[in-house]
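Down below is the structure, laid out as structure tokens.
Each residue takes its place number in the sequence, starting with 1.
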Amino acid sequence: MEHHTVLALYDRQARWDARPEGPDSTVERVGDVVRQTGPAHGWNGVLWSGLDEERADEAIAGQVRHFTSLGRSFEWKLYGHDGPADLGERLRRAGFTPEPAEALMVAEAAGLHRSGLGAAPPEGIEIRPVTDAAGVALMAEVHERAFGTDSAGLRRRVLDRLAARPDTVAAVVAMAGDRPVSSARLELPPGTAFAGLWGGGTVPEWRGRGVYRALVAHRARIASERGYRYLQVDASDLSRPILRRLGFTRLSTTTPYVYEP
């Protein structure tokens, strides 16, 4: 895998040519910025920017005006290779708050699928597809227990996608009997080489048993069968070592800068 080539392809397809993630969202290219605007429960923010020192502050102010006029909090998704070099500091000065940095990691989906990852579900675990409101409720339960955060927005976004664009998302939940212990989703944007791994989380008492690994393998199979060349993930400190062992390569970093109106 040629890192620079794959990163340039990712920037083009997943950021510059990004498609709206939900039925009520739009993607706009405004000057040197690509942004998504959606409902309050959706993801609102800047996906790509091509700025220099002269244009950066004006572009930042323009996005603040746009989203605050709608009463939306939003995220500027800053990648480690984005310019100018001090863009993060400029965002801070404009009132944004950085969240923990993550690693942009990529692997070839077919290679992961062929290897099988040695990742059959642990004994007693069944992986089920999420296709309806009952399944989404199980996902939301895992999300709250795994991450300690509210799942209302996630619940509405997944339900929107399943209703309007079910072919662009594959959500799964791992069950231990009648208890959900892990969940994740696979984003399948049309017209790109990249399928995205999102939301993978396991409740504390089931961590370290191979459930997360099994969900990666399951989604790699789906992506490969659907014709996607690469799997992409924004990896936290917790998941990064696991993904590296599975064959994922770090391409860059990504840091969410959040603005609250």
Side-chain angles (χ1 to χ4, degrees), residues 10-102 104 140 143 147-165 168-169 185 187 189-190 192 194 196 198-199 232-234 236 252-261:
Y10 177 81
D11 280 343
R12 180 69 189 182
Q13 292 189 346
R15 302 180 66 198
W16 171 253
D17 284 333
R19 310 289 181 89
E21 74 164 16
D24 298 320
S25 298
T26 59
V27 170
E28 303 170 285
R29 291 156 189 87
V30 183
D32 300 304
V33 168
V34 178
R35 70 189 180 206
Q36 176 171 286
T37 305
H41 66 272
W43 188 87
N44 289 269
V46 173
L47 295 156
W48 178 91
S49 64
L51 303 171
D52 59 23
E53 294 180 355
E54 293 182 357
R55 305 192 306 275
D57 290 338
E58 181 181 353
I60 292 169
Q63 301 317 305
V64 170
R65 287 192 300 270
H66 169 73
F67 286 105
T68 56
S69 71
L70 301 172
R72 299 278 191 274
S73 60
F74 74 104
E75 175 185 318
W76 191 298
K77 199 167 173 61
L78 177 63
Y79 288 78
H81 57 287
D82 290 345
D86 65 346
L87 183 53
E89 180 56 34
R90 291 171 184 262
L91 290 167
R92 285 177 183 265
R93 291 200 302 265
F96 289 76
T97 301
E99 295 186 346
E102 298 175 314
L104 172 63
H143 182 88
F147 301 112
T149 56
D150 182 74
S151 65
L154 170 69
R155 185 191 299 257
R156 292 185 64 183
R157 290 194 297 273
V158 176
L159 285 172
D160 286 351
R161 291 284 290 277
L162 290 175
R165 299 174 181 171
T168 66
V169 62
R185 69 185 189 278
E187 302 282 345
T192 80
F194 297 88
W198 295 96
Q232 167 266 324
V233 59
D234 293 347
S236 67
S252 186
T253 60
T254 177
T255 304
Y257 280 77
V258 177
Y259 190 94
E260 297 286 348

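Within a 6.0 Å radius of CD in Glu58, no more than 12 heavy atoms belonging to other residues, nucleotides or ligands are found. The neighbour count for Glu89 CD, taken as heavy atoms of other residues, nucleotides or ligands under 6.0 Å away, is above 12. The environment of Arg156 atom CZ is sparse: at most 12 non-hydrogen atoms of other residues, nucleotides or ligands sit within 6.0 angstrom.
Residue Leu87 holds its CG atom at 9.0 Å from CZ of Phe96, rounded to the nearest 0.5 Å. Of the inter-residue distances, the one linking Asn44 atom CG with Glu21 atom CD reads 8.5 Å to the nearest 0.5 angstrom. Atoms OG1 and CD, on Thr254 and Glu99 in that order, are 10.5 Å from each other to the nearest 0.5 Å. Atom CG of Leu104 is separated from atom CD of Gln232 by 5.5 Å, given to the nearest 0.5 angstrom. The CG atom of Leu154 sits 9.0 Å away from atom CG of Leu159, with the distance rounded to the nearest 0.5 Å.
The side-chain heavy atoms of Arg15 and Asp82, taken from C-beta on, include a pair separated by under 4.5 Å. The side-chain heavy atoms of Val33 and Ser49, taken from C-beta on, include a pair separated by under 4.5 Å. Side-chain atoms of Arg161 and Glu187, non-hydrogen and from C-beta on, do get closer than 4.5 Å to each other. Inter-residue side-chain proximity for Val27 and Arg19 is flagged as unmet; no heavy-atom pair is nearer than 4.5 Å. Looking only at side-chain heavy atoms (C-beta outward), Ile60 and Trp76 come within less than 4.5 Å of each other. Taking 4.5 Å as the limit, every side-chain heavy atom of Thr255 sits out of range of all side-chain heavy atoms of Glu75. Contact of the Asp234 side chain with the Pro256 side chain is not registered, since no non-hydrogen atoms from C-beta on lie closer than 4.5 Å.
Nearest heavy atoms, Tyr257 versus Leu78: CE1-CD2, 3.5 Å. The shortest heavy-atom contact between Ser73 and Glu260 is CB-OE1, 3.2 Å. Residues Pro20 and Ser25 share a closest heavy-atom pair of CB-O, 3.3 Å. Minimum heavy-atom separation, Arg29 to Ala18: NH2-O, 3.6 Å. Gly22 and Arg165 make their closest contact through O-NH1, 3.4 Å (heavy atoms, listed as atom of the first residue, atom of the second, distance). The shortest non-hydrogen separation linking Leu51 to Arg55 is CA-NH2, 3.9 Å.
Remark: the Gln36 side chain and the Trp43 side chain contain no N/O donor-acceptor pair separated by less than 3.5 Å. Side-chain contact of Arg72 with Thr37: a donor-acceptor pair under 3.5 Å is absent, judged by distance alone.
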Between His66 and Val30, is the side-chain contact (heavy atoms from CB on, under 4.5 Å) condition met? List the steps. CA-CA 11 Å; His66 169 73; Val30 183; over 6 Å; no

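Using a 30° and 60° split on the angle between ring planes, Phe74 and Tyr259 fall in the tilted class, from 30° to 60°.
Taking a cutoff of 4.0 Å between a charged side-chain nitrogen and a carboxylate oxygen, Arg157 and Asp160 do not qualify as a salt bridge.
Using modelled atom types, no side-chain atom of Asp24 and backbone atom of Gly38 make a donor-acceptor pair closer than 3.5 Å.
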